[in-house]
Amino acid sequence: MDVLESEKRGNAVGQRDLLRGQPPATGIRNALTVDVEDYFHVAALAPNIDRDSWSSRESRVVGNTQKLLSLFEEFDVRGTFFVLGWVAERYPQLVRDIAAQGHEIACHGFSHRLVYEQSPEEFYEETLRAKKLLEDITGSAIAGYRAASYSIVRESLWALDILVKLGFVYDSSIFPVRHDRYGIPNAERAPHRMSTPEERSIVEWPLSTASILGFRLPVAGGGYFRLLPYQLTRWGLASINRRELRPFIFYLHPWEIDPGQPRVSASRLSRLRHYTNLEKCEERLRRLLGAFQFGTASDGLVQLGLLPGNDGSARLRAG
Ligand SMILES: [Zn+2]
């Protein structure tokens with residue numbers, strides 16, 4: 001069913017569905033995304049974890065990502081995996097396994113350093129390194145990028161020019177909310193083509209927020225998915241499909257379905273963000289996968305007319 005057709009079913013039906021607690025069937029395919037990194041890469045824990053200790057810590061990213069792959073297989077959904085270069089270098093077979101199951105491989109940078117803490121030269125080098133590595137492993141062009149901890153903010157919009165120079169066709173790093181570490185509070189909420197500071201153009205899929213009485217509620221996934229009541233997330237996501245008639249983008253990290261991960265001592269706020277409801281997350285994810293339709297971010301952008309379809313994507317790859 002296309003969007004217009006579903007709209008013709010009438011708002012009353014949609015409202016009833018929302019009130020009954022059933023997200024309405026809209027025929028819209030949302031983007032399911034995973035940022036492939038380990039629990040010790042996370043920005044919230046960074047003050048308490050020395051980078052030099054990464055290689056000696058117990059890595060759980062392969063097992064947790066495989067768990068997500070099985071779950072996605074069970075629900076017959078394909079998504080986009082933004083893989084950290086550090087992980088891809090150590091576990092290239094994991095990247096091949098993800099790609100072999102029909103998912104899109106995209107880039108999550110190399111070092112998980114925040115973009116606005118890097119110089120443009122450093123950002124160029126590490127992003128090129130990560131992109132090349134993923135392309136060597138998969139044998140395909142990498143189209144999408146997501147910054148560590150959504151760190152493309154007003155002060156680091158220059159990064160978008162570097163992404164275009166490196167051949168990325170879309171970015172999903174801008175979180176249109178207010179947060180202490182990331183966010184452009186007034187940024188456009190819908191996926192769109194945007195101009196970079198040097199007047200190039202790139203497609204941006206901002207992390208999803210629901211609009212409630214003029215406020216923006218981050219319902220895109222991750223910590224918000226674990227901290228907010230599931231019903232609120234589902235309502236917010238359904239409202240994007242139903243009222244705004246467009247797909248949302250959802251994200252999760254492999255460590256978020258791993259309550260058994262080693263605990264790291266950190267500030268109270270960081271512990272709240274990282275550890276709350278880890279044990280509930282997999283069950284919530286199952287409910288979400290059953291409630292909405294999902295696909296890759298690239299497919300979603302093609303569906304929206306922001307990226308060219310089959311023939312066009314071939315041209316993009318060739319170019
Ligand atoms: Zn990350």
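Being a predicted model, the structure only gives us computed values, none of them experimental. One-based numbering, in listed order, for ligands and for the atoms of each.
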Tell me yes or no: between the side chains of R189 and S211, is some donor less than 3.5 Å from an acceptor? no
Looking at R284 and E282, is there a salt bridge between them, counting it only when a charged N and a carboxylate O are closer than 4.0 Å? no
Could you tell me whether F123 and W158 have their ring centroids closer than 6.0 angstrom? yes
If I take every N, O or S atom of E37, is at least one of them less than 2.8 Å from the Zn ion (ligand 1)? yes
Do any of the N/O/S atoms of H112, backbone or side chain, fall under 2.8 Å from the Zn ion (ligand 1)? yes
Under-4.0 Å salt bridge between R113 and E122: yes
Below 2.8 Å, any N, O or S contact between H41 and the Zn ion (ligand 1)? no
